[in-house]
Each structure stands twice: as C-alpha cells, then as structure tokens.
Amino acid sequence: MRTLDRNNKITKQIKTLNYNELATTKTLQMNITKLTLLLCAISFNTVFGQQNSVNDTSDTIRESHLELAKIAVIPIKDSKTKRNYELYIKLPDDYSENNNKVYPVIYYTDALWHVEMLSGATEYMLENVILVGISWQLDIDEKLKKEVGAHYSRFRDFSSRKSNKPKIQKKYQLGQANTFLDFIRNDVITYIYNTYRTDPNSRTYFGYSMGAEFGAYALLTQPKTFNNYIIGSPSIKNEVAYLAELNSKFGPYEASNKNSSLKANVFITYGSLEEEAEDIDAFVKLLKDRRDDGLSVQKEVIEGNHASAFPMTTIRSVKWLSSLMSHVSSDNYHVSFWDIPQLNNAFVTTTPQDRKDGISVDTLTTNGNDRNAILKLSQEIFDSKHGNYDALLISHKNKLVFESYYKKGRINLPHRQASAVKAYTSLVLGRAIQMGYLSMEDLNKPLISFLKDVDPKKMTKGVEKITLHKALTMHGGLTIDRDAWKEIKKDSVRLKGQGLVQALFEESAPITPESQTYLYGNFNPILVMTVIDAVVPGTAEDFIKTEFLDKLGITNYKWLNNISGIPEAGWGVDMMSRDMLKLGNLVLNKGKLNGEQLISEVYLAKATSGIVKPTQDWAPKDYRYGYFWYQTSVQVGAKNYNTVFAWGGGGQLVIVIKELDLTIVISGHDSEDKIMAQISEIIIPAFVKQ
C-alpha cells in the first residue's frame with residue numbers, strides 16, 4: 001500500500017473538476033487551451049524526460065501543479081498479471097446531453113506525458129471524442145522507481161523482444177508487449193466499452209517514441225484492436241527485420257480473404273533530424289508493400305528532432321483523425337488517393353444537404369420496403385460485402401435524394417477515375433460539335449484530315465480508314481507491339497502534341513478490315529482527344545475547362561495531361577461524386593443545362609446508343625457500346641428499361657435511366673467491380689413504382 005500511495009502522487013496533479021464550474025465560464029476553457037499550447041515550449045523539460053533506451057537514466061517525474069478540467073482518474077488492474085494502472089478519462093462536453101449518441105475513443109499510452117497536448121488538440125479539432133490515457137504501472141519496485149523513474153514499466157510493457165543481455169533482461173523484464181496488449185484488449189477496452197457509450201468502429205491508438213513502437217507491434221499482431229493507429233517517431237532502430245517477421249507471420253494480403261487485411265488507418269511521423277528516419281521509412285515501405293486494400297498509410301516528416309517533433313505530431317495526427325471521422329474533409333488532400341484514410345463509419349442520408357453547388361436536393365420517397373432495402377445495401381457496401389466502394393448517390397427527377405460515402409469517399413474530395421473518363425471525353429466531343437467546331441458528318445471522315453501537324457507519308461498503310469466513329473467505338477484498328485511502345489514512350493520530344501498520334505500511326509501494323517474490330521484500350525481515346533485539341537480554339541485543356549466543366553460548375557477536379565501535353569482521354573481524372581452526378585443529369589436531360597443546349601442532342605443520342613458489341617471478357621453479354629458509353633437493358637418485372645452508363649475500372653459508374661428520370665453515381669476502387677448487379681436488383685426497381 002505504501003508503494004501505491006507514493007505512486008498515486010503522480011496523478012494528484014490531474015483532478016476531476018466540477019463540470020458546473022466549467023460551464024459557468026468560457027475563460028477557464030480558453031486558459032486550459034492556452035496552457036496546452038505552452039507545452040510546445042516546455043515539452044523539452046517535461047515530456048522528453050522520456051528515454052529511448054533503458055540504459056538512460058533520469059530523475060523521478062516531478063509533480064506538476066497543473067490541473068485539467070474534466071479528467072477522471074480511474075484505477076484499473078490487469079486481470080492476468082494483477083498489476084495496477086490508472087486510466088485518465090476525458091468525456092466530450094455534450095456526453096451527458098446525448099444519451100443515444102456513441103463516441104469515438106482515442107486510447108493513448110504514456111498518459112501523464114501526453115494528456116495535456118491531446119486534450120488541447122482535440123478540444124479544438126475533434127471535440128466529440130473520448131480520451132482514455134493509460135498510465136504506467138503504479139505498484140513498481142521503489143528502488144527501480146527511484147533509479148529510472150515512475151515511467152519504468154514502459155520499457156517492459158512497450159517492448160516486444162527480450163534483451164540479449166541477461167543483466168538488463170533480469171532488471172527490466174523486457175519484451176512484454178504481448179502481455180500489455182492483452183491488458184488493453186481484455187481489461188481497458190472492455191471497461192471503457194461497458195462503462196461509456198463508445199463507437200466500436202472508431203477506436204484509435206496514439207503512441208509516441210516507445211509507445212509508438214508498441215503501436216507498430218499491435219498493428220502487426222492484433223490489428224483489429226484499433227481502427228486507427230497514430231505512430232509518432234517510433235523507437236524501431238534495428239527493428240525493421242523483426243517487424244517484417246511479424247508481418248510475414250500475419251500473412252500477405254489476399255483480396256479474396258478479408259481476414260488477411262490489416263484493415264487500419266495508419267499515421268506515421270518522425271522528425272527530420274531523427275537518427276531512426278531510415279528505419280521508419282523502411283517500416284512505411286513494409287506496410288505499403290502489402291498492397292492491402294484495407295490499409296491506409298500516411299507519413300509526415302516534421303521539421304526537428306525526436307523531442308521537438310512531438311507537439312506537431314499531436315496536432316497533425318488529430319487533424320488527420322478528424323478527416324476520417326467525417327465525410328467532409330477538413331482540407332484538400334495532397335497525398336495519394338491510396339493514402340487517404342478510410343472512414344470509420346459510413347455517412348448515409350435520405351435528405352441530402354443543399355451545398356449551393358448547382359445540385360438540387362430532395363428527400364427519398366420510395367416506399368418503406370424499398371427504402372430499407374437501399375439502406376441495407378448501403379450498410380453492406382460499408383461492410384465490404386460487395387467490394388470496395390466509396391460513394392453511392394441517387395438523383396430522381398434531377399434532385400439528389402440519397403447520398404452516402406464509405407471508405408475513401410468524401411463529399412468535397414475528387415475521386416480517382418479510370419475508364420469513366422472515356423465517357424467524359426465523349427461529352428467534350430459533343431460540346432465541340434454543339435459549338436460548330438465539328439459536325440456529325442465529320443465523324444465519318446478520315447481522322448488524319450483534322451490533324452495538320454502529321455505527315456501521312458510516314459504512316460502505316462490504311463490510316464485513312466480510321467475515323468472518329470471508328471475510334472469512338474474502339475474500332476480504330478491500331479496494332480502496336482507493347483514492348484516497342486514502351487521504348488517509344490521514352491522519347492518525350494517525339495511525342496509532343498500531334499507527335500503522339502504520328503508515332504502511333506507509324507508504329508502500327510497496317511490498318512485493315514480485319515484489324516478494325518472491337519479492341520478496348522486507350523489508343524482510341526487518345527486519337528479522339530487529339531482531334532478535339534486540333535479543332536477547338538486554343539487547347540483542349542482550356543476548352544474542357546471553360547466550355548465544359550466551368551459551365552457545369554465543376555471546379556474541384558484534376559485532369560491530367562498525357563506525354564503529348566494533351567489531356568488524357570481514357571483515364572487520369574479526379575472528380576467529386578457530386579460532379580459525376582452533374583454529368584449524368586446532363587445526359588438525362590438530353591444535353592441541356594438550365595435551358596442551354598450544352599451537348600449536341602443528336603450526337604448524345606448516338607453516343608449513348610448500343611452501336612457495337614463489346615468483346616472483352618469482363619463485359620456481360622447483354623452490354624452494348626456507343627461512343628465510349630455503355631448501354632444495356634435492365635428488366636424489372638415484365639418490363640425492360642434502357643440504361644446507359646459511363647464505366648471505369650474499380651467501380652466508377654454514372655448510370656442514367658431516362659424513362660425513370662433516374663441518375664445513379666458510384667465511386668469505388670474495387671478489383672472485381674460487380675456492384676451493377678445490386679444496382680439493377682435493388683435501386684432501379686425502387687423507382688419503377690413511383
């Protein structure tokens with residue numbers, strides 16, 4: 001008891017203040033937050049008494065007279081080892097007012113060192129979260145406590161391997177991370193879950209230094225303990241080989257086996273001056289090399305050393321957390337699409353918000369059974385029962401009535417597009433026709449007749465047989481050796497402007513009736529975009545922006561250029577799901593936007609008709625192909641409904657059923673991409689009855 005009494009002094013600085021006192025004045029909250037910010041200045045003298053090696057020594061942690069509001073100190077015992085710890089628990093301001101609300105939880109180790117920074121950061125950026133700090137063991141040997149400090153147990157609890165030095169091992173009992181992880185899983189999380197209203201889909205671990213080393217161990221051994229891992233400046237020097245061993249024991253990722261996924265969002269930081277930077281980079285590479293669809297890894301390098309990187313790690317990681325707890329991103333991501341963290345919970349609404357973005361909204365009014373079926377489907381999408389999809393939007397009679405986001409989907413972030421871009425390119429061509437830069441008759445003229453910078457004398461035989469119509473239906477007939485083309489692509493000077501088409505026409509085998517059969521690929525879209533660039537004033541890039549996207553109010557996008565400097569036509573666009581909906585509604589309204597004929601109606605009717613039969617293995621037998629748009633019939637009862645859609649690999653779909661006044665948008669990154677079955681069986685029938 002005497003040992004317990006002495007260790008309890010550590011936590012006397014953190015007392016539970018009267019909630020009513022706090023409510024009477026906002027000044028106290030502001031003072032607390034200001035004090036939190038001061039930690040950046042004092043962190044060298046307080047937080048970073050922490051050691052990275054058990055050979056370091058320090059004075060016993062001095063008592064602080066700091067008192068934080070709303071922090072409750074709860075004793076807890078490890079049910080297996082009988083070791084005593086404490087939890088520092090902070091509840092959100094509105095916890096007592098919302099009896100039906102569940103809250104995300106951030107669990108963090110080294111509680112005494114981190115409580116102030118995390119409390120202040122979440123107060124501003126993530127206030128609706130429960131904080132649970134886990135203390136060091138209280139009932140430790142007094143001699144070790146005096147020699148090493150009250151934090152002695154962290155060396156034992158956070159390390160996953162024993163020391164190869166017998167004296168060190170005997171003294172510190174290293175390598176008990178597995179025991180500590182069991183304590184967190186079986187005792188800490190269970191207690192918090194049974195005592196408070198917590199969200200089981202949103203548990204986060206925060207660890208720094210050795211605490212981050214423990215986080216890496218937990219991720220690679222029991223990843224489902226937490227949904228999100230914040231691993232700040234992990235002490236993993238010379239530990240990468242061991243981490244790789246843990247990774248191999250867990251097993252490689254297999255798309256067909258959900259249990260093979262680590263299924264976690266990971267945020268890793270380190271200081272730019274840290275000695276362990278190389279090892280941490282190797283750990284990041286180890287995670288990314290898994291090619292794990294359920295694993296999101298974001299790395300940030302913070303200016304400074306191991307000590308000074310801590311305050312910014314706290315602030316940036318909390319901001320990162322806020323981005324995966326809301327379908328509205330707090331910033332425009334400048335990271336790879338694959339590094340965007342996955343939402344902990346789906347966002348689903350049958351009463352979409354009017355965001356003043358040119359999209360009218362209404363309420364989903366399907367009957368109860370159909371409404372429930374759509375909601376059930378959305379939950380199944382979130383649970384990955386149908387693959388990896390990020391958004392589902394439904395517009396009826398030109399009004400958005402259902403909106404949902406999952407995984408990497410955000411309402412205000414552009415989503416990666418693959419071959420759906422071909423259909424968008426087709427619409428751009430329709431805009432050029434509407435403005436008179438091309439005519440419907442031009443679709444059947446030799447494509448080279450529009451390209452003044454090419455030299456027909458150097459081209460393969462039969463290129464005059466390639467027309468816009470042929471290219472738009474994947475019947476261009478180009479046949480080029482893949483290996484040879486890889487070498488040609490290295491010559492960027494040769495491929496500038498129309499030089500890319502010149503090279504294609506030079507390197508292709510002769511164009512014959514036999515070669516001009518359906519062949520899906522990106523060469524044909526390149527031909528179409530090059531013609532657009534040749535006939536419109538200025539450049540195709542400017543034309544797409546000013547005469548197409550700007551007209552639709554689409555401003556938050558990225559449209560890549562290919563090696564020629566001309567916009568990509570078969571992939572390479574990032575676009576928000578709501579903006580995809582605008583394109584679908586444009587098709588639904590026969591090319592009209594607010595009374596203006598934006599796309600040639602005659603062209604659009606042909607573009608969305610079933611002109612040819614696709615022959616790729618993954619296209620169902622009843623699909624037809626127009627000008628980069630697919631067409632099929634969906635049967636509901638005894639009746640068939642004509643359905644046209646843009647389709648990109650991974651699951652980007654813009655689906656239009658004119659007879660039902662229906663537009664459906666899907667965004668996804670799924671390898672098999674079979675969501676169309678659920679659309680046909682659940683969503684489309686729900687609107688037949690209206």
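Heavy atoms only: backbone and side chains are in, while hydrogens, waters and symmetry mates are out.
- For Asn585 and Thr663, the side-chain atoms include at least one donor-acceptor pair closer than 3.5 Å.
- The pair Lys445-Asp442 counts as a salt bridge, with a side-chain nitrogen and a carboxylate oxygen less than 4.0 angstrom apart.
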May I have the step-by-step check of side-chain hydrogen bond (donor to acceptor under 3.5 Å, both in side chains) for Ser426 and Tyr603, ending in yes or no? CA-CA 9 Å; Ser426 180; Tyr603 171 82; 2.7 Å; yes

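- If you look at Tyr625 and Tyr518, their ring centroids are closer than 6.0 Å.
- Taking the six-membered ring wherever Trp is involved, the centroid distance between the rings of His415 and Phe337 falls below 6.0 Å.
- Ion pairing between a basic and an acidic side chain is recognised when a charged N comes within 4.0 Å of a carboxylate O; Asp491 and Lys489 show no such pairing.
- Salt bridge annotation for Lys397-Asp661: absent, with no cationic side-chain nitrogen under 4.0 angstrom from a carboxylate oxygen.
- Residue pairs meeting the salt bridge (Lys or Arg N to Asp or Glu O under 4.0 Å) criterion with at least one member in residues 493-513, sequence neighbours excluded: Arg494-Glu506, Arg494-Glu507.
- Using a 4.0 Å cut-off between charged nitrogen and carboxylate oxygen, Arg578 and Glu403 count as a salt-bridge pair.
- Taking the six-membered ring for Trp and thresholds of 30 and 60 degrees, Phe687 and His396 have ring planes inclined between 30 and 60 degrees apart.
- No salt bridge links Asp292 with Lys263; every basic N to acidic carboxylate O contact stays at or beyond 4.0 Å.
- Aromatic pair Tyr520/Trp618: centroids less than 6.0 angstrom apart.
- Ion pairing of Asp390 with Lys407 is absent here, as no side-chain N (NZ or NE/NH1/NH2) approaches a carboxylate O to less than 4.0 Å.
- No donor-acceptor distance shorter than 3.5 angstrom exists from the side chain of Arg416 to the backbone of Val573, with no hydrogens or angles considered.
- Salt-bridge check for Glu300 with Lys319: failed, with every basic side-chain N at 4.0 Å or more from each acidic carboxylate O.
- Enclosure of atom NZ in Lys399 is not indicated, since only 12 or fewer non-hydrogen atoms of other residues, nucleotides or ligands lie within 6.0 angstrom.
- Remark: Lys299 engages Asp281 in a salt bridge, criterion side-chain N to carboxylate O under 4.0 Å.
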